[in-house]
Amino acid sequence: EAGVAQSPRYKIIEKRQSVAFWCNPISGHATLYWYQQILGQGPKLLIQFQNNGVVDDSQLPKDRFSAERLKGVDSTLKIQPAKLEDSAVYLCASSLGTGTSTDTQYFGPGTRLTVL
Amino acid sequence: AQSVAQPEDQVNVAEGNPLTVKCTYSVSGNPYLFWYVQYPNRGLQFLLKYITGDNLVKGSYGFEAEFNKSQTSFHLKKPSALVSDSALYFCAVRDPHSGYSTLTFGKGTMLLVSP
């Protein structure tokens, strides 16, 4: 079974530029998550989708971050404009989304963003 | 609000010795608890979870964890460490009464196994 796919794996941009990350979840997984992992910290949830609807985006900095999952499968996360403090690893995860909170989340390899 | 504490930034153990990585949690009700491992330049890999039932949970790669409700702990253990176990380990908690399935992660513990 294929895992969660993410691209690109690495990205270096200048501050104030824009960047986009792509995620393809495990086939059949209804729930998709985007996390931000800053060096030395645990992952922090940015946004959670159930199919193509947003369930939780309470920690998403909406003035610069946006995400979509138009057809309930792939998702993109965008940052515009980027700030130095956005340098982090952006992790995508998916789960079956059975509606119970016992679901296990499976993570992709992440995208390492460096903002100069 | 739910939270997780991993009190050790780093744990050092010799190969063949038992290892323990500590985790304590805070949640309003009965928690769901998870352990993940992260190798360099890789995403998080699921190791095991506690939902209900037996307090000793067995997971991947010979790891196990013991849920202790009175001490609000969920320590990760392995009877005999391997050099290949060296990685960053994250404990996570979910409040089953929350409307979402949000996981809250600890800051991670680096495990170093020496030959």
Side-chain angles (χ1 to χ4, degrees), chain A residues 1 3-10 21 23-26 29-50 53-60 88-112 114, chain B residues 1-10 21 23-25 27-53 57 59-60 65 67 87-110:
Chain A
E1 177 183 274
V4 177
Q6 289 188 248
S7 67
R9 291 295 312 277
Y10 305 91
F21 313 127
C23 173
N24 182 246
I26 294 172
H29 281 195
T31 308
L32 185 146
Y33 314 79
W34 283 102
Y35 287 85
Q36 180 191 59
Q37 184 180 14
I38 293 173
L39 187 64
Q41 298 180 21
K44 183 187 80 172
L45 180 71
L46 292 175
I47 189 167
Q48 176 183 340
F49 293 93
Q50 180 76 14
V54 175
V55 173
D56 182 4
D57 62 357
S58 57
Q59 298 192 81
L60 187 74
V89 175
Y90 290 85
L91 295 165
C92 179
S94 70
S95 67
L96 277 171
T98 57
T100 71
S101 52
T102 60
D103 273 358
T104 297
Q105 295 181 23
Y106 296 93
F107 286 78
T111 297
R112 182 176 299 276
T114 302
Chain B
Q2 59 197 40
S3 65
V4 172
Q6 294 183 242
E8 303 153 317
D9 289 336
Q10 184 168 306
V21 182
C23 171
T24 59
Y25 65 89
V27 72
S28 57
N30 293 320
Y32 295 157
L33 295 156
F34 300 77
W35 275 102
Y36 285 84
V37 60
Q38 187 174 35
Y39 296 98
N41 299 315
R42 302 279 294 276
L44 276 69
Q45 293 182 16
F46 170 72
L47 280 179
L48 51 81
K49 67 181 177 183
Y50 171 82
I51 302 300
T52 188
V57 179
S60 306
F67 171 63
L88 188 56
Y89 290 80
F90 289 97
C91 181
V93 67
R94 178 185 292 151
D95 181 349
H97 300 294
S98 71
Y100 310 133
S101 53
T102 303
L103 273 180
T104 298
F105 285 86
K107 62 177 175 57
T109 298
M110 179 64 72

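Sequence lines set the chain letters: A, B, ... in the order given, protein chains first and strands last, and positions in each chain run from 1. What you see is a predicted model; the values in this text were computed from it and never measured. The figures here come from the full heavy-atom set of this structure, side chains too, leaving out hydrogens, waters and symmetry mates.
Residues passing the side chain to side chain contact (heavy atoms under 4.5 Å, CB included) test with B:Thr109 are B:Gln6, B:Glu8, B:Val11, B:Val21, sequence neighbours excluded. A search for side chain to side chain contact (heavy atoms under 4.5 Å, CB included) contacts involving B:Pro31 returns B:Tyr25, B:Val27, B:Leu33, B:Phe67, B:Val93, not counting sequence neighbours.
Heavy-atom contacts from other residues, nucleotides or ligands closer than 6.0 Å to CZ of B:Arg42 number 12 or fewer.
Closest approach of A:Asp103 and B:Arg94 over heavy atoms only: O-NH1, 3.0 Å.
Going from atom CG of A:Asp56 over to atom OG1 of B:Thr102 covers 4.5 Å, rounded to the nearest 0.5 Å.
Contacts between B:Gln38 and chain A at a heavy-atom distance below 4.5 Å involve the side chain alone, from C-beta outward. Neither the backbone nor the side chain of B:Tyr39 comes within less than 4.5 Å of any heavy atom of chain A. Of the two parts of A:Gln37, only the side chain, counted from C-beta on, holds a non-hydrogen atom closer than 4.5 Å to a non-hydrogen atom of chain B.
For the pair B:Tyr36 and A:Thr104, the minimum side-chain heavy-atom distance is below 4.5 Å. With contacts defined as side-chain heavy-atom distances shorter than 4.5 Å, the pair A:Tyr35/B:Leu44 does not qualify.
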